Amino acid sequence: MIAIERVSHRYRSASTAALDTITLDVGRGSLFGLLGPNGAGKTTLISLIAGLIAPQQGHIKADGQALADFRRTHPNAIALVPQDYAFYPMLTVAENLAFFAGVQGLDRRQQQARSREAIRFARLESVDRQLAGELSGGLRRRLNLAIGLLGDPTLLLLDEPTVGVDPQSRHFLLDAIRDLRNSGKTVIYTSHYMDEVEAICDRIAIIDHGRVLAAGTLAEVLGAAEPQLQLRLDHDLPQALLERWQAAHTVTTPGTNCVCLTPVPVAALPQILHDLAAHGLTPLALNHGQQNLEQVFMHLTRRSLRD
Amino acid sequence: MSAARTLIRLAALWRKEALALLRDRHGLAALFLMPAIFILVMSMALRDAFVPGVPADLGYAVVDLDRSEASQALVEQLAGVDLLREFGALDSERSGRDAVADGRIAFVLLIPQGFERRLGTTAAPAPDTPGLRVLADPTVPLAVRNGFRQQVEAELTRLQLGTLLARIGRSLMIPELRDVATKAPPYPVFVEAVRKPTAAASTRSASALPSSVQQNVPAWLIFSMFFVVVPISAVFIAERQHGTLQRLATQQVSFGLILAGKLLPFFVVNQVQAVLMVLVGRYLVPLAGGEALTLPTGAASLLALWLMSAAVSLAAVAWALLIASSARSTEQATVIGGVGNILMGAIGGIMVPQFVMPAGMQPLTDLSPMAWALDGFHRVMLRGGAIADIVGPAAALLSFGLAALVVAILLNQRALRALR
């Protein structure tokens with residue numbers, strides 16, 4: 001559906017590139033998770049696919065067509081659901097839907113039909129005459145999503161669609177996004193919630209500093225990650241042991257008396273247990289195996305705080 | 001893109017603006033309630049200032065220390081002039097000074113002892129002989145003070161002439177000769193406002209001066225038209241801040257289409273304002289005791305009025321779009337737009353008529369688009385002008401609007417470039 005080929009982009013005021021020779025493929029009908037810390041380049045990539053900005057280098061193709069041509073021939077095929085509540089708080093839910101259907105050039109009959117369908121999909125029937133500004137956070141997210149569906153797009157760009165909602169609304173939104181994928185739509189989904197991405201995305205890409213760090217199916221990304229050992233100890237890790245392990249592993253300390261070592265093949269486990277005993281330490285908990293998505297993400301993007 | 005699709009998109013944008021405005025109570029108040037109240041209040045407050053011959057609430061009193069036939073004749077002559085309100089006589093200079101100092105009376109005329117004796121002599125008066133004195137409230141404008149003094153001098157001249165003619169009459173055995181100067185009413189002088197000949201068909205007399213309602217309706221209408229800056233910037237900045245413009249851009253709604261989506265609804269709003277303010281001037285002001293607004297009746301004048309209203313509207317909406325494009329928040333737009341409007345109104349003769357301003361300040365009015373607008377409306381409403389007479393002010397307003405629109409577009413393009 002979308003082929004991103006060696007795309008680079010640098011903002012006029014920036015000293016470094018927001019995107020640096022990115023190459024990605026988003027298959028038709030897939031639910032593609034785009035992950036990255038703040039400032040990684042996710043929004044720039046979404047803006048490029050949405051046609052808000054044009055790539056300075058490289059190409060983006062949609063169904064084999066240059067993106068600009070595709071957008072011209074299929075004006076409503078790509079829809080963006082931004083992270084902001086991009087609608088009019090002084091209009092009712094129904095009025096907002098009618099407006100956004102209207103600016104897509106749909107005639108009155110189509111506007112009504114699509115609005116009804118979007119209201120039904122997002123379960124907004126009970127609030128369709130309520131002012132959008134008076135809705136709860138969850139209902140606002142649902143309206144934001146419903147507006148994105150009005151043009152019956154084939155590609156939906158969802159920018160953190162579950163931020164700031166209660167668990168019930170979050171589950172509803174995730175189910176709705178799955179339904180959209182099942183109905184044949186292609187969805188590109190950005191989020192900071194790794195469990196969401198693990199739960200619903202069939203393909204993911206982790207990007208940082210404008211580069212793709214990992215991409216593929218969830219199994220491929222997790223499978224490519226090196227095995228990790230997590231330890232919870234009865235005492236602090238002595239400095240001498242920390243330095244010894246750092247020579248062979250990446251060592252992090254995610255909590256009090258907790259240590260993470262990567263990579264740790266099974267063959268290395270006896271030596272680590274021996275080291276602990278030699279320093280008089282007892283492991284209270286030990287977990288060895290494949291990393292989950294959050295661990296992979298943290299490992300790839302490092303733990304430094306981002307703006 | 002087909003014309004039908006463009007029209008559907010524009011209709012959606014227009015409907016959205018209309019709904020947003022209808023739910024913006026503050027915006028509606030600024031556009032409709034504020035000018036209606038201003039027209040009503042200002043038309044009443046300034047009613048007398050625009051009507052000749054009616055004494056303003058300024059008065060004078062006389063302290064006659066001479067108590068002679070001549071001094072009494074002067075008092076009667078002054079009372080016979082439709083000048084200022086007459087408060088009658090005071091008994092002493094002290095009471096006269098107190099009345100003026102307290103602000104109860106604007107002027108007190110002091111007629112000294114020996115007034116009649118001196119009036120009839122040709123000999124040079126002794127250096128310490130007091131003349132007529134006028135005690136004046138310092139808050140009374142200089143022009144009014146001079147006017148009162150000139151009227152006293154004129155009546156004094158009539159009195160002196162009468163005294164002279166009385167003497168001649170006695171010599172010639174024609175006693176009534178004195179009455180030629182003192183009893184004959186002053187020869188009347190009328191002020192006539194000169195209009196274009198086309199205004200002769202107006203329901204209002206062509207020779208009458210404009211009333212305050214005729215000054216105030218166009219002035220406050222123009223002022224309120226420029227207040228579209230409040231609702232336009234509120235919606236536009238919210239669209240920018242909440243990502244709605246971004247969403248519209250992904251739906252390939254161009255910035256030009258968005259501007260067009262705002263121009264027409266607010267143009268219509270401005271025209272509704274014009275009709276309502278005319279109705280206020282015509283029907284509401286008379287209910288409050290003021291004079292009814294009169295409009296020229298000729299088709300050419302009415303068309304000229306509408307063209308002026310259209311030119312003001314385009315300038316006002318473009319100005320609002322410029323403010324909305326340059327401000328970073330709704331609060332900033334409200335302050336910049338509001339203060340800008342008040343400044344344009346203040347120097348443009350909306351709040352204070354240009355002729356009241358000091359001479360050094362009057363050229364500043366040429367800088368205000370509101371002054372161009374007021375000039376255009378006055379050319380039609382007060383001078384009975386037609387389309388040819390408003391070409392200048394209308395062209396100035398359209399140029400201002402076009403320049404504001406171009407700058408607004410450039411500002412938006414620059415903001416877009418900064419995102420790329």
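Every chain is numbered from 1, with letters handed out A, B, ... down the list of sequences. Model, not experiment: these values are computed from the prediction.
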V103(A): which of V253(B), L257(B), I258(B) passes side chain to side chain contact (heavy atoms under 4.5 Å, CB included): V253(B)
Gap separating the OG1 atom of T250(B) from the CG atom of N76(A), nearest 0.5 angstrom: 10.0 Å
Y88(A) portion near chain B, given a 4.5 angstrom heavy-atom threshold: side chain
Cationic tip of R247(B) above F100(A) ring, under 6.0 Å, 45° of axis: yes
Rounded distance [0.5 Å steps], CG in L248(B) versus CG in L80(A): 11.0 Å
Step-by-step side-chain contact (heavy atoms from CB on, under 4.5 Å) determination, R23(B) to T92(A): CA-CA 11 Å; R23(B) 288 175 191 155; T92(A) 66; 4.3 Å; yes
Side chain, backbone, both or neither of Q111(A) within contact of chain B (heavy atoms, under 4.5 Å): side chain
Heavy-atom proximity to chain A below 4.5 Å, by part of L10(B): neither
Proximal component of A238(B), with respect to chain A [non-hydrogen, under 4.5 Å]: neither
Residue R240(B) excluded, over 12 heavy atoms near CZ under 6.0 Å: yes
Proximity breakdown for T44(A) and chain B, heavy-atom pairs closer than 4.5 Å: neither
Interatomic distance, I147(A) atom CD1 to T244(B) atom OG1 [nearest 0.5 angstrom]: 8.5 Å
Portion of N96(A) that has a non-hydrogen atom of chain B nearer than 4.5 angstrom: neither
Region of N144(A) in contact with chain B, defined by heavy-atom distances below 4.5 Å: both
Which atoms of R108(A) approach chain B - backbone, side chain, both or neither, heavy atom under 4.5 Å: neither
Interatomic spacing from CD1 in I8(B) to CD in Q104(A) - rounded to 0.5 Å: 12.0 Å
Selection from A14(A), P89(A), P82(A) maximising heavy-atom pairs under 4.5 Å formed with chain B: P82(A)
Short side-chain to backbone donor-acceptor contact, E95(A) and K16(B), under 3.5 Å: no
Atom group of E239(B) that falls short of 4.5 Å from chain A, counting heavy atoms: side chain
Option in A50(A), P75(A), P153(A) with maximal non-hydrogen atom pairs under 4.5 Å from chain B: P75(A)
Spacing of CD belonging to Q246(B) relative to CD1 belonging to I46(A), to within rounding of 0.5 Å: 10.5 Å
